[in-house]
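Scroll down for the structure; my scribbles are underneath it.
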Amino acid sequence: MALSNSFFFLEALSLFFHKIFSKKLRLSTSAVHRKYQNHQSPAKLPVAGNDKVLIFNVEEALLKPTSPFFFSYFMLVAFEAGGLLRATALLMSYPLVRLVGQEMGLKIMVMISFFGVKKESFRIGSSVLPKFFLNDVGLEAFEALKRGGTRIGFTNVFPQVMIESFLRDYLEIELVVGRDLKVFCGYFVGLMDEKVKVCSLSHLIDEQKESYGSQKKSNLIGICGSQKSYDFQLLSSICNEIYVVSEVEKKRWKRLPRDKFPKPLVFHDGRLALNPTPLNTLALFMWLPFALILVLVRIFVSVLLPNNLRIPINAFGGMRLTVSIPTNKTKSDDNHDRNSQGLLYVCNHRTLLDPLYISAALKINNPLAVTYSLSPISEFFSPIRTVRLTRNRSQDATLMAKSLSDGNLIVCPEGTTCREPYLLRFSPLFSEVGAKIVPIANDTHVSMFYGTTASGFKCFDPIFFLMNPSPSYTIKKLDVVDGLFASDGDNKATRFDVANCVQREIGKALEFECTNLTRRDKYLILAGNEGIVH
């Protein structure tokens, strides 16, 4: 009996303390949630402070993706790093990805996209993906992130190799935490580590304090999505405040405009010009058989038929060409009538087809194309004559002068192509050759494939350009610019002045921004070399 009474007393005592502590816990939890809900929207973040450490979830608090389960980013990896067969496998697996849910679907997409890809040569994360990530950044989210002293971006969706370059190099995020991919013998095996844990973020915060020698306690602010998500639970254990992005708010986000990029996107690589959502990818695959037939027809028409038949047939087949020529007769026409030397046409470089389009649009007789780099295959099949430069200044000047006496010369002094509305630095060699220079501003537009590459095979560049349903070219002939040794006797200008003048005139006509970037800069960023032509 005494034993029974003792047991009853202990049970009552335990229930009493459990009731007290559970009540306190409920009060504490409700107080925490009330604190989180005071400032739900990241737009209400206070002004920036150096003591603020902003920890945000990339996929929930920064990006406004256009495809479910972030499919398009993994399709880019599959297509650019693995080719057509891998991309086909990923597209066919999409119904299964949607069926099994995001976490398991993510593992399937990672396995298909990365399995067997060599780690050392993987550059998609720095050369291809930043363009598509930047197009999906929410303006309101980016403005909120600028209010943090130190920004830490973490992701439980993307592998580190996909997201790090975009955040560090283009959004200037100080620290990035992602999921590492497992590697065997230098190749990805298609498996990711577990989700980001509290210890990973805490370790980064401590390292950041040590690097700045700060002993002051930081104000840790978190930004994530739903309060029921794993990321909310992760941030709640280390952050003083948490701001939540609702789905309704996210739908109202605007895209980050180009002029607000912290760092301009001048260079990017990859063949795909369209955003490969599941529907776009399906349309692309359905178009491929027709595209290959269309390429053969377009090449046959462009190479074998005369100019008066070539232009209307190509226009009927979807190719667009817009030409702008000054109405007044230029000085170059007068000089050409009484001078045996050919004309020097200087243009910006968009694709390998620039000289062909310019010679056809302006009806240039006996055209010669000067190239700094051209694959032997492209040179062999070129319908106009090409002159390969040696990158030796004196030899190239002699070669260009000789070629100019034999015909009309078309030169692209940038030395490489640029897809975005920027002009690279013009090599001044052309200014020493022609007395009169005819600047040509040209631009292109494609909807499916880019006709340029930095890391792939350049011999396929014209084919990819012609595979587009309706590729377009815009060519503007500008007023003549005097060369360095013009007959008017004005020798005060240097060769650099002449080159910069031509660059400015072309940039003004196209509304492009002039830069001092070079071919070497482009290839170091995109391909990790100084411009090897395959």
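If you're wondering where the values come from, they're calculated on a predicted model, not measured in any experiment. Below, all heavy atoms of this structure are taken into account, side chains as well, without hydrogens, waters or symmetry copies.
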So, Arg86 versus Ser113: side-chain donor-acceptor pair below 3.5 Å or not?
no
By salt bridge (Lys or Arg N to Asp or Glu O under 4.0 Å), which residues pair with Glu143, not counting sequence neighbours?
Lys146
Quick one: which residue pairs count as a side chain to side chain donor-acceptor pair (under 3.5 Å) with a foot in residues 496-507, not counting sequence neighbours?
Thr494-Asp497
Checking Tyr73 now: which residues fulfil ring-ring contact (aromatic ring centres under 6.0 Å, His included) with it, not counting sequence neighbours?
Phe133, Phe158
Does Tyr357 have any ring-ring contact (aromatic ring centres under 6.0 Å, His included) partners at least two apart in sequence or in another chain, and if so, which?
Tyr473
Side chain to side chain contact (heavy atoms under 4.5 Å, CB included) against Arg393, all qualifying residues, sequence neighbours excluded:
Leu429, Glu432, Arg495
Which pairs of donor and acceptor atoms, one on a side chain in residues 114-125, lie under 3.5 Å apart (sequence neighbours left out)?
unit_1	atom_1	unit_2	atom_2	d
Ser121	OG	Lys118	O	3.4
Arg123	NE	Leu526	O	3.3
Arg123	NH2	Ile525	O	3.3

ring-ring contact (aromatic ring centres under 6.0 Å, His included) with Phe69: which residues, sequence neighbours excluded?
none
Is Arg168 salt-bridged to Glu174, going by a charged N under 4.0 Å from an acidic O?
no
Asp521/Arg425 ion pair, N-O < 4.0 Å
no
Please indicate whether Lys263 has more than 12 foreign heavy atoms, meaning atoms of other residues, nucleotides or ligands, lying under 6.0 Å from its NZ.
yes
Out of curiosity, Ile55 CD1 to Leu175 CG, how far, rounded to the nearest 0.5 Å?
9.5 Å
To the nearest 0.5 Å, tell me how far Glu80 CD sits from Ser455 OG.
8.0 Å
Distance in Å, Cys412 SG paired with Ile358 CD1, rounded so as to fall on 0.5 Å steps
6.5 Å
Spacing of CD1 belonging to Ile173 relative to CG belonging to Leu54, to within rounding of 0.5 Å:
8.5 Å
At what distance, to the nearest 0.5 angstrom, does OH of Tyr170 lie from CG of Leu134?
8.0 Å
Under the side chain to side chain donor-acceptor pair (under 3.5 Å) rule, what pairs show up with a residue in residues 58-70, not counting sequence neighbours?
Asn57-Glu59, Glu59-Thr155, Thr66-Asn275, Ser67-Ser72
For His349, check ring-ring contact (aromatic ring centres under 6.0 Å, His included) against everything at least two apart and list the hits.
none
Taking the six-membered ring where the residue is Trp, are the ring centres of Tyr450 and His268 under 6.0 Å apart?
yes
d(Ile221 CD1, Leu235 CG) to nearest 0.5 Å is 11.5 Å
Could you list the residues that satisfy side chain to side chain contact (heavy atoms under 4.5 Å, CB included) with Phe285, not counting sequence neighbours?
Leu84, Ala87, Thr88, Leu91, Thr281
Kindly state each residue pair satisfying ring-ring contact (aromatic ring centres under 6.0 Å, His included) with at least one member in residues 495-516, sequence neighbours excluded.
none
Minimum-distance pair of heavy atoms, taken over all atoms of Thr515 and Leu424
OG1-CA, 3.6 Å
Salt bridge or not for Asp231 and Lys195, using N-O below 4.0 Å?
no
Got a salt bridge between Asp443 and Arg350, using NZ or NE/NH1/NH2 to carboxylate O under 4.0 Å?
yes
Report, one line per pair, each donor and acceptor closer than 3.5 Å where one atom sits in a side chain of residues 98-111; sequence neighbours left out.
unit_1	atom_1	unit_2	atom_2	d
Arg98	NH1	Tyr94	OH	3.0

Determine whether the side chains of Thr417 and Lys522 contain a donor N or O and an acceptor N or O closer than 3.5 Å.
yes
